[in-house]
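What you see is a predicted model; the values in this text were computed from it and never measured. Both ligands and their constituent atoms are indexed starting at 1 by order of listing.
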Amino acid sequence: MVTTRFAPSPTGYLHIGGLRTALYSYLWAKKNGGKFLLRIEDTDLKRNSHEATKKIEEAFDWCGLEYDGEVIYQSKRFDLYKEYIQKLLDEDKAYYCYATKEELDKMRAEQQAKKQRPRYDGRYRDFKGTPPKGIEPVVRIKAPQSGVIEFVDGIKGELKFNVEDMLDDFIIARSDGTPTYNFVVAIDDALMGLTHVIRGDDHLSNTPKQIVVYNALGFDIPKFYHVPMILNPQGKKLSKRDGATDVMEYKQMGYFPEALLNFLIRLGWSHKDQEIFSMDEMLELFDPKDINSSASAYNQEKLLWINAQYMKTMPLTKIINSLKELGLDISSHPKSELLVDAHRQRARTLIELKDQINLLLNPPKEYDKKAVKKFLKGEWKDLLKNFLDFLSTKEANSPEEFEKLTEEFLQKEDIKIGKLAQPIRIAITGSSVSPSLYDTMAIVGKDELIKRVEKLLSVDSFEK
Ligand code: GLU
């Protein structure tokens, strides 16, 4: 069975690069009827926080990426890791190292002076004497001392690492007994039955070390996919300065999680020239072997465009719920669906939508000078007064009814809609831009429409 995982270290928030590898892992597991695990790598008790873990879980909830089973916390698995450390010690595949910090510093300085790569020289590898007193030893694994470690990466192809260039007997347990990162990752990936490990290629240099652990414990090695980074438009590593990197900031900026996932799948993977993918299509088409082998560039405009496409087709009730989470509750408004539908063609984000809806919900505080100058000319006042008189004798509720009624008025007065439409828009929203006139009328309703027109008529003079 295909098993994948997302394994964040909770040091801050969920980064969009992390969400992308999580999505890739999720899709591959679900596509194959397999399992997708969420494992929190919180063994570094000094750097990890409970709050950061909560933030990651919250971001997962928002995106709707469902993991199988409970969240797994590495911090609860220390006893298990200790067993494996002991096993390697018992089998003479690992050993205690008593080298002091001073000793190691000296060793490193000597290597540097000889222009050698700094590496642990294995001085305690075969130590059989009496351990020096007062030193809490670390545990080091016996890594190969020469040769190559090779594996076929699902994205980068065949990779070979020269042991002498990058490996030494690395530490698997610190002097306080806590296990180290590469050790626990390998143990967990093996014990949890991971078949495919999809992660950022910033982890590529860890993989040979993890392979050493797999081999020492006789575990099967999963298939690795190292995904190239997301870069900024200048080709540098994406950072806060380039825009939001925290997934939850995208929620606050008014993006749909579906659109963000769509954007992220396309950053590094493609299918012909298709841009919009539903979750079903992603599941059908995604294969990690098709992930691009070169880095991808973050493009904010593209995200906005994708979000705008989702805005046009997202179920109205879902948009209403999302607006509520962003502080605008229109759920009890009698025309809530029309409110959204009338505006969504012109809104790229939920924040733009919220601002536009707010403009319509509240009577205008001021009138756009340019619009006033351009459209409130000639007999506009008489025209609006006549319209008010006409309106007060009629009933209308839906956009269609307002349209019918307005047409009747236009015929009676023998004028064209152009003369009436803009003054009414200005009365309703304060500006000459608004959605369809009849939608707007139906949303505010007859009584409020009359009030707003009366208010415009009562202005003595407009600011120049
Ligand atoms: N915990 C690591 C990180 O947050 C990821 C480990 C992995 O995917 O192997 O960067």
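- Looking only at heavy atoms of the protein, atom 4 (O) of ligand 1 is closest to S9 N, 3.0 Å.
- Applying the 4.0 Å criterion to heavy atoms of A7 picks out, from ligand 1, the atoms 1 (N), 2 (C), 3 (C), 4 (O), 5 (C), 6 (C).
- When each atom of ligand 1 is checked for a heavy atom of E41 under 4.0 Å away, the hits are 1 (N), 2 (C), 5 (C), 6 (C).
- Under the 4.0 Å criterion applied to side-chain N and carboxylate O atoms, K106 and E110 are assigned as salt-bridge partners.
- No salt bridge links D287 with K31; every basic N to acidic carboxylate O contact stays at or beyond 4.0 Å.
- Between D68 and K30, at least one side-chain N (NZ, or NE/NH1/NH2) sits under 4.0 Å from a carboxylate O, which counts as a salt bridge.
- Annotation: cation-pi pair K55/Y13 absent, no NZ/CZ under 6.0 Å from the ring centroid and within 45° of its normal.
- A salt bridge links R108 and D105; the closest N-O separation between the charged side-chain nitrogens and carboxylate oxygens is under 4.0 Å.
- The nearest heavy-atom contact from the protein to atom 10 (O) of ligand 1 is H203 NE2, 2.8 Å.
- Under a 4.0 Å heavy-atom criterion, Y181 is in contact with ligand 1.
- Near R199, the atoms of ligand 1 lying under 4.0 angstrom from a non-hydrogen atom of the residue are 7 (C), 8 (O), 9 (O).
- Residue P8 has at least one heavy-atom neighbour below 4.0 Å for each of these atoms of ligand 1: 1 (N), 4 (O).
- When each atom of ligand 1 is checked for a heavy atom of R5 under 4.0 Å away, the hits are 7 (C), 8 (O), 9 (O).
- A salt bridge links R123 to D121: one of the charged nitrogens lies within less than 4.0 Å of a carboxylate oxygen.
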